[in-house]
Amino acid sequence: MKRYYVLLLLIATAVIFYYFSSAKKAAKKAPPKMVFENSLQTLIVGNCSPCHIPQKGGQKKSYDNYASVKADIDEIIRRIELNPSDKGYMPFKREKLSDSTVAVFKQWKADGMLEK
């Protein structure tokens, strides 16, 4: 009878650890998706102005709004991944964007290009 209780206690302990482990909780939570207003807009203003921001005197295609960026995201990613010596490189006459900055653009696209 004592063996039965010990076995039952071990099984109960295993079940409790399985269902309440922090690894399982972490696996259930998906990382928040990137949205234009929180993730991308700041990067665009910081790296694409004044050329693509009309309020700052930009003469190129405006990227200060969601619709324009969404429509051109493939071209934007292609051009920011180019090397500074390549034709069409962006940001023009500036340092190449960091890999983490380019990754934000790619992740926003992968997350479904959410606005808000």
What's the spacing between [X] [atom1] and [Y] [atom2] if we round to 0.5 Å?
X   : Y    : atom1 : atom2 : answer
Q41 : E115 : CD    : CD    : 9.0 Å
I80 : L43  : CD1   : CG    : 9.0 Å
K61 : H52  : NZ    : NE2   : 10.0 Å
I76 : W108 : CD1   : CH2   : 7.5 Å
M90 : E75  : CE    : CD    : 9.5 Å

Problem - Ion pair check, R79 and D86, cut-off under 4.0 Å - result: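 Salt bridge: no.
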Practice task
Could you tell me whether E81 and K106 make a salt bridge, using a distance below 4.0 angstrom between a side-chain N and a carboxylate O?
Solution key: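 The answer is yes: the pair qualifies as a salt bridge.
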Exercise for the section: Please report the closest heavy-atom contact between D111 and L114, naming both atoms and the distance. Expected result: O-CG, 4.0 Å
Practice task
Could you pull out the closest heavy-atom pair between R94 and P50, with the gap in Å?
Solution key: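 Residues R94 and P50, closest heavy atoms: NH2-CD, 3.8 Å.
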Problem - Pairwise ring pair (Phe, Tyr, Trp, His ring centres under 6.0 Å) hits with a residue in residues 66-101, at least two apart - result: F36-Y66
Exercise for the section: Answer with yes or no whether the hydrophobic clustering places V102 together with L82; edges join I, L, V, M, F, W, Y residues whose side-chain heavy atoms lie under 4.5 Å apart. Expected result: no
Practice task
Answer with yes or no whether the hydrophobic clustering places V69 together with V35; edges join I, L, V, M, F, W, Y residues whose side-chain heavy atoms lie under 4.5 Å apart.
Solution key: no
Practice task
Evaluate the side-chain proximity of I44 to I53: yes if any heavy-atom separation is below 4.5 Å, no if none is.
Solution key: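 SC-SC contact between I53 and I44 confirmed.
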Practice task
Taking the side chain as every heavy atom from C-beta outward, state whether M34 and V104 have any pair of such atoms under 4.5 Å apart.
Solution key: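 Yes - at least one pair of side-chain heavy atoms lies under 4.5 Å apart.
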Problem - Contacts of type side chain to side chain donor-acceptor pair (under 3.5 Å), residue K96, not counting sequence neighbours - result: none
Handout entry: S49 side-chain N/O to V45 backbone N/O, donor-acceptor pair under 3.5 Å
Key =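 Yes.
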Handout entry: Between S62 and D64: side-chain donor-acceptor atoms closer than 3.5 Å
Key =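 Judged by distance alone, the side chains do pair up.
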